[in-house]
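Following: one structure in structure tokens, then a few remarks.
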Amino acid sequence: MSAQRLVGSRIREKRLDRGLQQAAVAELVGISPSYLNLIEHNRRRIGGKLLADLARVLDVDTTLLADGVDSETLDEMRAAAATLKGKVEVDRTEELAARYPGWAALIATQAQKVVALEEQSRVLTDRMSSDPKLAEALHEVISAVSAIHSSASILVGPEDLDQDWQKRFHQNIHTDSVRLAESSESLIAYLEAPQTSLAQAGSPFEKVEAFLAKTGFHLEAMENGIAPSAIIKEAGLEGSGATILWDVLQSYASDVALLPLSGFEKSCRKHNYEPDAIALEYGAPLSSVLRRMAQLPPENGHPPIGLVVCDAAGTLTFLKSVPGFSMPRSGGACPLWPLYGALSRPNQPIRMHVALPAPHATRFLCFAVAEPKGPSGFDAPPAMQSIMLAMPDPPEPATAPYPVGLSCRICPRIDCASRREPALTGMSVKSGL
């Protein structure tokens, strides 16, 4: 549910906190009690003067009623509840968020940190079990210890040794001790994570996305032809993060050359943001158009547009969230999104209206296509990737939107054929919207 759709819940909670009757509040703002009841149950949108009047009567800041928390925060809260296996009142998540938005944000933030730390722990576990450099360092330590033990056991044995042999064994112990000290220091340095990396939770993909999110995923420097190396330096990313950002910027530069911003913005408005029509006008690949639409400057009045990319295994390699739209990186996402359906239909575009489960029933218009990443050869299958654009709250479709979810653990649709695991207690609903 978007922040706008939670306004009614927040109004109701603030009214109840202050002990005010619905009829009294309605009279003070000049509307009927029945209309206020519809607002409080999120059945009517609200803004402008009426929202300001309600904020004045309830003695709260207008932004507190208007903003509150978004659907991503609610999903983070539900995902955190999943770890306690039904011991949390999941069905009252929205009530908690509407009543205490600050606490809701804290719960979501803590949940994100837990996920990041679990991912860091998984990476370290993999490193401990399969890193060849670590195995070599441990072998060196064990070898040095064994050599020292062997020389020492001879020196303390019952056999008398002449001074030359004693001197030789003492020298061996000294040499192996120096080797042990050096290999131990090297091992400790290799295992010890720098403080800066401990402070930067999240995968390299998430760090790249966090940098791009600061500019709304629109890079003015790239639009003006600035070299990607300068942007990578500004981002302060190293290692795999810098490599991932380099790939993103190379793709960005190609899209800028193919679809210059000034003309592309006009084309988007002309074709009402229909990617296929825009691609036809430019003779451009649909994937380039989808990426370019997600790069539109938000301050120029364009609608919110989310973008997600995954590889052939379904792992997310890029995610641009917008209010109402996000997809989980940890755990299995819902396989019903067209992002994944496109993988089984390479190069065939998919246009689909989808909706999250009731009571949210937030709708999206999605465009997806899967294609090879990079050149293909005869000796190996192509590396496939799927890209999906998501536009929240589109006009009502002629037919019912296709039901999707976020992940099975927090999806209430009990009769979904694609379900992998049970939902949390108290969340079950039928798949109908």
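- Taken from OG1 in Thr243 to CD in Glu238, the straight-line distance is 11.0 Å, to the nearest 0.5 Å.
- The CG atom of Leu259 sits 10.5 Å away from the OG atom of Ser254 when rounded to the nearest 0.5 Å.
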### Message
Would Leu290 and Phe367 count as a side chain to side chain contact (heavy atoms under 4.5 Å, CB included) here? Give the steps.
### Response
CA-CA 8 Å; Leu290 297 181; Phe367 303 90; 3.9 Å; yes
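- In this structure, Pro392 and Val322 have side chains that are in contact, with non-hydrogen atoms separated by less than 4.5 Å.
- Between the side chain of Trp246 and the main chain of Gly241, no donor-acceptor pair closer than 3.5 Å is present.
- Under the rule for a salt bridge (Lys or Arg N to Asp or Glu O under 4.0 Å), Asp247 has no partner lying at least two apart in sequence or in another chain.
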- Any chance you could lay out the side chain to side chain contact (heavy atoms under 4.5 Å, CB included) test for Met327 and Leu339, step after step, and finish with the verdict? CA-CA 11 Å; Met327 295 184 72; Leu339 173 74; 4.2 Å; yes
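- A donor-acceptor contact shorter than 3.5 Å is absent between the side chain of Arg363 and the backbone of Pro397.
- Taking the ring centroids of Phe325 and Phe364, they lie under the 6.0 Å cut-off.
- The aromatic rings of Tyr282 and Phe264 are tilted relative to each other, their planes meeting at an angle between 30° and 60°.
- Contact of the Leu365 side chain with the Asp393 side chain is not registered, since no non-hydrogen atoms from C-beta on lie closer than 4.5 Å.
- Under the 3.5 Å distance criterion, the side-chain polar atoms of Ser386 are left unmatched by any main-chain donor or acceptor of Cys310.
- Minimum heavy-atom separation, Arg15 to Leu58: CA-CD2, 3.7 Å.
- No side-chain heavy atom of Met384 sits less than 4.5 Å from a side-chain heavy atom of Lys373.
- Closest approach of Phe217 and Leu319 over heavy atoms only: CZ-O, 3.9 Å.
- Side-chain contact check for Val369 versus Ile387: some heavy-atom pair is nearer than 4.5 Å.
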_Steps toward side chain to side chain contact (heavy atoms under 4.5 Å, CB included) verdict (Val354, Trp337)_ = CA-CA 8 Å; Val354 302; Trp337 286 96; 3.7 Å; yes
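- Counting non-hydrogen atoms of other residues, nucleotides and ligands closer than 6.0 Å to NZ of Lys320 gives a total above 12.
- The shortest distance between side-chain heavy atoms of Pro403 and Leu336 does not fall below 4.5 Å.
- Rounded to the nearest 0.5 Å, atoms CD (Glu371) and CD (Gln348) are 14.0 Å apart.
- Residues passing the side-chain contact (heavy atoms from CB on, under 4.5 Å) test with Arg269, sequence neighbours excluded: Glu265, Tyr273, Asn300, His302.
- Taking 4.5 Å as the limit, some side-chain heavy atom of Pro303 sits within range of a side-chain heavy atom of Met391.
- Looking at every heavy atom in both residues, Met77 comes nearest to Ala108 through CG-N, 4.5 Å.
- Within a 6.0 Å radius of CD in Gln250, more than 12 heavy atoms belonging to other residues, nucleotides or ligands are found.
- Qualifying salt bridge (Lys or Arg N to Asp or Glu O under 4.0 Å) partners for Glu274, counting only residues two or more places apart in sequence or in other chains: Arg351.
- Remark: Glu299 CD is packed, more than 12 non-hydrogen atoms of other residues, nucleotides or ligands lying under 6.0 Å away.
- Within the 4.5 Å cutoff, side-chain heavy atoms of Ile231 are placed close to those of Phe211.
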Taking distance alone, no hydrogens or angles, what donor-acceptor pairs closer than 3.5 Å link side-chain atoms of residues 165-174 to residues at least two apart or in another chain?
residue, atom, partner, partner atom, Å
Gln166, NE2, Leu161, O, 2.9
His170, ND1, Gln166, O, 3.1
Gln171, NE2, Thr175, OG1, 3.4

| Leu296/Leu261 under side chain to side chain contact (heavy atoms under 4.5 Å, CB included): CA gap, chis, key distance, verdict | CA-CA 8 Å; Leu296 290 170; Leu261 181 62; 4.2 Å; yes
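- Of all heavy-atom pairs spanning Leu212 and Phe318, the tightest one is CD1-CE1, 3.7 Å.
- The two residues Leu245 and Leu237 make their nearest non-hydrogen contact at CD2-CD1, 4.0 Å.
- One distance of note links CD of Glu140 with CG of Leu180; it measures 9.0 Å at 0.5 Å rounding.
- In this structure a side-chain-to-backbone donor-acceptor pair under 3.5 Å is missing from Ser150 to Ser146.
- Residue pairs meeting the side-chain hydrogen bond (donor to acceptor under 3.5 Å, both in side chains) criterion with at least one member in residues 209-232, sequence neighbours excluded: Glu209-Arg329, His218-Glu220, Glu223-Tyr252, Glu223-Arg292.
- With Ser153 contributing its side chain and His149 its backbone, the two residues share a donor-acceptor pair below 3.5 Å.
- By the neighbour-count criterion of 12 heavy atoms within 6.0 Å, atom CZ of Arg12 is sparsely surrounded, having that number or fewer from other residues, nucleotides or ligands.
- Between Ile107 atom CD1 and Gln110 atom CD the span is 9.5 Å, to the nearest 0.5 Å.
- Under the side-chain contact (heavy atoms from CB on, under 4.5 Å) criterion, Ser251 pairs with Asp255, Arg291, not counting sequence neighbours.
- A heavy-atom distance below 4.5 Å is not found between the side chains of Met388 and Leu307.
- Nearest heavy atom pair, residue Ser267 against residue Ile278, reads OG-CG2, 3.6 Å.
- At least one donor-acceptor pair under 3.5 Å links the side chain of Ser183 to the backbone N or O of Arg179.
- Between the OG atom of Ser287 and the CG atom of Leu389 there is a distance of 12.0 Å, given to the nearest 0.5 Å.
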